[in-house]
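Structure provided below as structure tokens; questions to follow.
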Amino acid sequence: MSGRTSWSETTMSEAAKRSVNPIRQIVDTLKLQPHPDKPMIPLSIGDPTVFGNFNAPDVAATAIAEHAAGLKKNGYTSTLGYPETREAIAKYVSVPGAEVSSEDIIVASGCSSALEHCITALGSEGQTILVPCPGFCVYETQAVTRGINIKKYNLLPERNWEVDLVHLESLIDSTTCAIVVNNPSNPCGSNFSRAHIRDIIAIAERHFLPIIADEIYADMVFEGLEFVPMATESVHVPILSTGGMAKRFMLPGWRLGWIAVHDRNGVLAGPSPETSVKAGIVKLSQLIIGANTLAQAAVPDILARTPASYYKGVMDQLESNALFIYDQLKEIPGLTPVRPQGAMYLMVGVDMASFPDLKDDFEFVQRLVEEQSVFCLPGRCFHYPNYFRIVVCPPQEKLTEACARIKEFCASHRK
């Protein structure tokens, strides 16, 4: 007998109770009632395809159409991914000093799934993972759901969102099992220098901690800047680098991501192959029987045949948009945008004392929707109050109108 006496005992599991997406939790409580006479301009959605001005490379459509018509990529494959897909990804992500083979690649259902595999493979219930603040909320959601604690290390806006290295190291204790580093950054739009990456790795090395490198925005940096893969600067610290097709290739709906395991010294091997971290990731990949096979089939062509002109066109537009917003908002008293360096975001500080009738960033964003129909995400979505995040993907004309409305809004509330 089950021991139950009524249907009322069928309740939500403890794991489900712990599963909270901070962005959804906050956004769902916002009372979003746009101004009836002003069309909504959403600057909140990190999907570059929404407005139609960013599209996937032409080869994506032709490659997936060919494989769909061929009817040979509709079945299951290895949960690690097609061999040819893993080989293509390995070639794409390998750079001097951080070469990998197809055996080091695990294909996942989007970069978020890749991150979930890494967090779950490295962390056990009661252990702690260090994550950036401000930072992408999925790290917290995935960890806490599994009973893994998180501690947030500070990023410094006055230093273009570099890591507060002293604070990071102060958080490490006997429960710490890994550090998550996101570069280039969502929500900050920042990009770390080679020297700063070395400093982060040095801390991880002193404490024998692996790094989960969220590099979904790899190579998406502005002119004159260099993207440095974390693995290129690490000799002893194992790096689990995650990436995917969502951002650089404008294919977020394909849900195609990957993990590249950089472990030069076999640190993640463990006492035996069966208990290694890599074996753990393989086991976790089996939970959903692998990533979409049709999307996987198209990846080798996309990675090999996307022209350099495509990447340049994407980054030229993102940089133009980002710097336009920065230049417009820095002239508004009470706002302090942090100059972006890459990805597709920027963070804007709000001097709440300049707007005494607005309580905090939450009310600032809510009233901005009500009065001007411009929607940004409040900083508290990223555990960073008195800031808001802007997505720089919309077309220039929408950004021009949005900035004008933000200026008008600030003028109407500034004292």
Pairs where residues 82-116 contributes a residue and the test ring-ring contact (aromatic ring centres under 6.0 Å, His included) is met, not counting sequence neighbours: Tyr92-Phe249

When you compare the side chain of Thr400 with that of Gln396, does any pair of heavy atoms fall below 4.5 Å? yes

So that I can tick it off, tell me whether Arg367 and Glu363 are bridged by a salt bridge, with the cut-off set at under 4.0 angstrom between side-chain N and carboxylate O. yes

Closer than 3.5 angstrom, by distance alone: can the side chain of Glu99 be matched with the main-chain N or O of Gly97 as a donor-acceptor pair? yes

Are the side chain of Asp351 and the backbone of Ala353 linked by a donor-acceptor contact shorter than 3.5 Å? yes

Regarding Glu125 and Arg146, does a basic nitrogen lie under 4.0 Å from an acidic carboxylate oxygen? no

Closest non-hydrogen atoms of Tyr345 and Lys247, given as atom of the first, atom of the second and distance, are OH-NZ, 3.8 Å

Short side-chain to backbone donor-acceptor contact, Ser109 and Ala291, under 3.5 Å: no

Side-chain touch Pro184/Val221, heavy atoms, less than 4.5 angstrom: yes

Does the side chain of Thr293 reach to within under 4.5 Å of the side chain of Asn74, using non-hydrogen atoms? no

Partner of Ile106 under side-chain contact (heavy atoms from CB on, under 4.5 Å), picked from Ile89, Leu240, Thr79, Val261, is Val261

The single option from Lys38, His35, Glu401 passing side-chain hydrogen bond (donor to acceptor under 3.5 Å, both in side chains) against Gln372: Lys38

Check the surroundings of atom NZ in Lys398: do more than 12 heavy atoms from other residues, nucleotides or ligands lie under 6.0 Å from it? no

side-chain contact (heavy atoms from CB on, under 4.5 Å) for Asn55 and Thr49? Distances and angles first, verdict last. CA-CA 6 Å; Asn55 294 298; Thr49 70; over 6 Å; no

Quick one, Leu256 and Leu251 - any side-chain contact, counting heavy atoms below 4.5 Å? no

Go through Phe388 and Phe375 one step at a time and tell me if the ring-ring contact (aromatic ring centres under 6.0 Å, His included) criterion holds. CA-CA 10 Å; Phe388 61 90; Phe375 182 28; over 10 Å; no

Run Val365 and Leu377 through side-chain contact (heavy atoms from CB on, under 4.5 Å) and show every step you take. CA-CA 7 Å; Val365 165; Leu377 283 185; over 6 Å; no

Pair Arg159 + Asp164, salt bridge at N-O below 4.0 Å: no

Out of curiosity, Ile302 CD1 to Arg248 CZ, how far, rounded to the nearest 0.5 Å? 13.0 Å

Test log, rule side-chain contact (heavy atoms from CB on, under 4.5 Å), inputs Val391 and Ile45: CA-CA 7 Å; Val391 175; Ile45 305 169; 5.7 Å; no

Spell out, as yes or no, whether a donor-acceptor pair under 3.5 Å connects the side chain of Thr120 to the backbone of Glu116. yes

May I have the step-by-step check of salt bridge (charged side-chain N to carboxylate O under 4.0 Å, His left out) for Lys91 and Glu84, ending in yes or no? CA-CA 11 Å; Lys91 183 177 180 181; Glu84 62 270 27; over 6 Å; no

Against Arg389, only a single residue in Asn186, Leu43, Leu346 fulfils side-chain contact (heavy atoms from CB on, under 4.5 Å); can you say which? Asn186

Taking 4.0 angstrom as the limit, do Lys151 and Asp173 come out as a salt bridge? yes

Asn53, CG: over 12 other non-hydrogen atoms inside 6.0 angstrom: yes

Do the side-chain N and O atoms of Arg18 and Thr145 include a donor-acceptor pair separated by under 3.5 angstrom? no

To the nearest 0.5 Å, how far apart are OH in Tyr153 and CG in Leu171? 10.0 Å

Give a yes or no answer on whether the side chain of Ser234 reaches the backbone of Ala231 with a donor-acceptor pair at less than 3.5 Å. no

Steps toward ring-ring contact (aromatic ring centres under 6.0 Å, His included) verdict (Trp161, Tyr387): CA-CA 13 Å; Trp161 301 110; Tyr387 275 76; 5.7 Å; yes

Aromatic plane relationship, His413 with Phe409 - under 30° parallel, 30 to 60° tilted, over 60° perpendicular: tilted

Distance-only, no hydrogens or angles: does the His67 side chain make a donor-acceptor pair with backbone N or O of Ala297 under 3.5 Å? yes

Count the heavy atoms of every other residue, nucleotide or ligand shown that sit under 6.0 Å from CD of Glu223, and state whether that count exceeds 12. no

Does a side chain donor of either Ser190 or Gln341 reach within less than 3.5 Å of an acceptor in the other side chain? no

Does Phe192 reach the side chain of Val181, with side-chain heavy atoms less than 4.5 Å apart? yes

Would you name the heavy atoms of Met220 and Leu318 that are closest together and state the gap between them? CE-CD1, 3.6 Å

Should Arg405 and Ser373 count as side-chain neighbours, where that means a heavy-atom distance under 4.5 Å? yes

Rounding to 0.5 Å, atoms CD (Glu331) and SG (Cys410) come to a distance of 13.0 Å

Counting distance only, does the side-chain N/O of Ser285 pair as donor-acceptor with the main-chain N or O of Val282 below 3.5 Å? yes

How about Phe136 and Phe382: are their ring centroids closer than 6.0 Å? no

Could you tell me whether a side-chain N or O of His196 sits under 3.5 Å from a main-chain N or O of Glu162, the two making a donor and an acceptor? no

Between Cys177 and Thr128, is any pair of side-chain heavy atoms under 4.5 Å apart? no

Is a salt bridge present between Asp263 and Lys278, judged by a nitrogen-to-oxygen distance below 4.0 Å? no

State the SG-CD distance between Cys393 and Gln317, to the nearest 0.5 angstrom. 8.5 Å

Taking all non-hydrogen atoms of both residues into account, name the closest pair between Val374 and Met40 and its distance. N-SD, 4.3 Å

Sidechain-backbone polar pair: Asn321 side chain, Val392 backbone, donor-acceptor under 3.5 Å: yes

Distance from Asp104 atom CG to His262 atom NE2, nearest 0.5 Å? 8.0 Å

Side chains of Tyr384 and Asp361: is there a donor and an acceptor less than 3.5 Å apart? no

The single option from Asp214, Ile259, Ile216 passing side-chain contact (heavy atoms from CB on, under 4.5 Å) against Leu115: Asp214

Tell me whether the NZ or CZ atom of Arg414 lies within the 45° cone about the ring axis of Phe355 and under 6.0 Å from its centre. no

Residue pair Gln328 / Lys407, side-chain donor-acceptor N/O under 3.5 Å: no

Just by distance, do the side chain of Glu226 and the backbone of Ser193 share a donor-acceptor pair under 3.5 Å? no

For the atom pair CG (Asn21) and SG (Cys381), what is the distance rounded to the nearest 0.5 Å? 9.0 Å

Side chains of Lys330 and Leu335: does their closest heavy-atom pair fall under 4.5 Å? no

Asn182, Val180, Ile179 screened by side-chain contact (heavy atoms from CB on, under 4.5 Å) with Val131, the one that passes: Val180

